[in-house]
Asker: 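Let me begin by handing over the structure; questions about it come next.
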Number of protein chains: 2
Amino acid sequence: MSTTTGRRVSEARERLLRTASALFYAEGIRAVGVDRVVEEAGVTRATFYRHFPGKDDLVVAYLGVVHDAVRDAAGEEAGAARLRRTVGAMTETLCSPGFRGCSFINAAAEFADPDSPVHRAVAAHRGWLSALFATDLAAAGHPDPDGAAAHLMMLRDGAMVAGYLADPEVARATLLRGLDAILDEAG
Amino acid sequence: MSTTTGRRVSEARERLLRTASALFYAEGIRAVGVDRVVEEAGVTRATFYRHFPGKDDLVVAYLGVVHDAVRDAAGEEAGAARLRRTVGAMTETLCSPGFRGCSFINAAAEFADPDSPVHRAVAAHRGWLSALFATDLAAAGHPDPDGAAAHLMMLRDGAMVAGYLADPEVARATLLRGLDAILDEAG
DNA sequence: CCATAGGTAGAACGTTCGGTCTCTTTCTGC
DNA sequence: GCAGAAAGAGACCGAACGTTCTACCTATGG
């Protein structure tokens, strides 16, 4: 077990990932070069390439960070409560300053090739989220969990876009109202 | 009036714009360089820079082409009919092969700076579309045209994303059903 | 018939891109 | 105290980026 004691899982790697996440989200992925990330992380190029095979891997790691945050916000036990918690967390993010839309939707806009690792990561997250919605809806006794999950996913996507390019408060209220309506269809 | 007779408003310019539109939409704006556009349009760099001050202007022109197409699909006389026609045209696009989402949402993902000409063009189109929705809703006798327009805009945005990253048929049906529900609130 | 505008052709600009390299320093575990 | 991994410093690569340039050709309109 007891692996390298000192700086645990590489302090430089964490700084790299944190810096890249902020930059990619705020300015766009293709708009930010490796130079920028490396410089603002206070790390040398050599160090970057020791931790990541290439820029694409950094992008995938960035999306992994966002995915983990959503997963952690959701929690464990399936049901209407988790659904409200998950969607509630989204509406919080939606209205916070610096919100620039959904990381995954934005990434898919930049990486069109379905075979690209980045595009695959987007598809994986969206598949996971849809499945979570469907599971919770089923646990809440919804007669058509899959259809309702697809519907809810669309509402969420619209809210994410509107939170960036329109009024976040309206987006928040509309998404919450939509969730209530879907939950009303269940028991 | 009678300006240059021959090739009307510059054949080369039109080829440039057509090629750029296809490329930008299919692969992303930052992913496509001037070299690619110029080469695939069968035109030299000098010709490109005689017609466009720079790449940004080409991007804005591309968004203008898309905007014009939406405007033409909408038509003139305000009301429920125009609303159905406009949204109906969107659901057609949504389900057609090669659909890669909304040009404006995708452009905003790549151009984060609100002062950028590209971001401004996105905001302008979205403002125009929201206003069109509100006008039609008001003409149809909706009690809260602005609120309903914001709601419809969110449904549209969600459908655009879902048409690209999820099931287009579901997106189409859900958007159409949402429009009906909103129209039911009116007379 | 000549001026002019729009086109082609293609070299070149400086910058940035993603990525690789060598050399030295620092820290940890044995 | 010494081996070895992790990181710093920074030069370097070829390619692509957006952009500018000169030179020549070819239509038109006056």
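For clarity, every value in this text was computed on a predicted model and none was experimentally measured. For the numbers below, each heavy atom of this structure counts, side chains included, while hydrogens, waters and symmetry mates do not. Reminder, nothing fancy here: chain letters follow the sequence lines and each chain counts from 1.
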Asker: Between A:Arg50 and B:Asp35, just flag the one whose closest nucleotide in DNA chain D comes earlier from the 5' side.
Answerer: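 The residue whose closest nucleotide sits nearer the 5' end is A:Arg50.
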Asker: Taking only the side-chain nitrogens and oxygens of A:Tyr49, find out if one of them lies under 4.0 Å from OP1 or OP2 of C:dT20.
Answerer: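 Indeed not, no polar side-chain atom of A:Tyr49 lies that close.
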Asker: Can you give me the closest heavy-atom contact between B:Gly163 and B:Pro168, atom names plus distance?
Answerer: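 Heavy atoms of B:Gly163 and B:Pro168 come nearest at O-CG, 3.7 Å.
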Asker: OP1 or OP2 of C:dG7 less than 4.0 angstrom from a side-chain nitrogen or oxygen of B:His51, does that happen here?
Answerer: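 Yes, within the criterion.
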Asker: Could you check how far NZ of B:Lys55 sits from P of D:dT20, rounded to whole Å?
Answerer: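 Checked: the NZ to P distance equals 15 Å.
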Asker: Is it true that the NZ or CZ of B:Arg156 lies under 6.0 Å from the centre of B:Phe133's six-membered ring and within 45 degrees of the ring axis?
Answerer: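 No; the conditions do not both hold, so B:Arg156 does not lie above the ring face of B:Phe133.
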Asker: Rounding to a whole Å, what distance do you find between A:Leu58:CG and C:dC17:P?
Answerer: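 Computing the A:Leu58:CG to C:dC17:P distance gives 14 Å.
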Asker: What integer distance in Å separates B:Asp57:CG from D:dG18:P?
Answerer: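 Rounded to the whole Å, the gap is 13 Å.
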Asker: Between the base of D:dG18 and the side chain of B:Arg45, is there any donor-acceptor pair under 3.5 Å?
Answerer: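 In this structure, the two groups form no donor-acceptor pair.
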Asker: Under 3.5 Å, is there a donor-acceptor pair between the A:Thr93 and A:Ser96 side chains?
Answerer: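 No, because no side-chain N or O of A:Thr93 sits under 3.5 Å from a partner of the opposite role on A:Ser96.
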Asker: To the nearest Å, how far apart are A:Glu11 CD and C:dT28 P?
Answerer: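 Whole-Å distance recorded here is 12 Å.
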Asker: What is the separation between atom CD1 on A:Ile29 and atom P on C:dG18, rounded to the nearest whole Å?
Answerer: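 That distance rounds to 12 Å.
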Asker: To the nearest Å, how far apart are B:Glu14 CD and C:dG6 P?
Answerer: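 Taking atom P of C:dG6 as the reference, CD of B:Glu14 is at 15 Å.
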Asker: Quick check on the 6.0 Å ring-centre criterion: do B:His125 and B:Phe104 meet it?
Answerer: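 Judged by ring-centre distance (under 6.0 Å), B:His125 and B:Phe104 do meet the cut-off.
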Asker: Which is more 5' along DNA chain C, the nucleotide nearest B:Arg15 or the one nearest A:Val34? Just name the residue.
Answerer: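 First, find each residue's nearest nucleotide; the 5'-ward one identifies B:Arg15.
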Asker: From CG of A:Leu16 over to C1' of D:dA7, roughly how many Å is that when rounded to an integer?
Answerer: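 Atom CG in A:Leu16 sits about 12 Å away from atom C1' in D:dA7.
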Asker: Nearest heavy atom decides the nucleotide; on that basis, is B:Thr47 or A:Arg30 closer to the 5' end of DNA chain C?
Answerer: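 Result of the comparison: B:Thr47.
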Asker: Whole-Å distance between C:dT16 C1' and A:Arg36 CZ?
Answerer: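 Distance check: A:Arg36 CZ to C:dT16 C1' gives 13 Å.
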Asker: Charged N to carboxylate O under 4.0 angstrom, A:Glu76 versus A:Arg71?
Answerer: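 A:Arg71 and A:Glu76: not salt-bridged.
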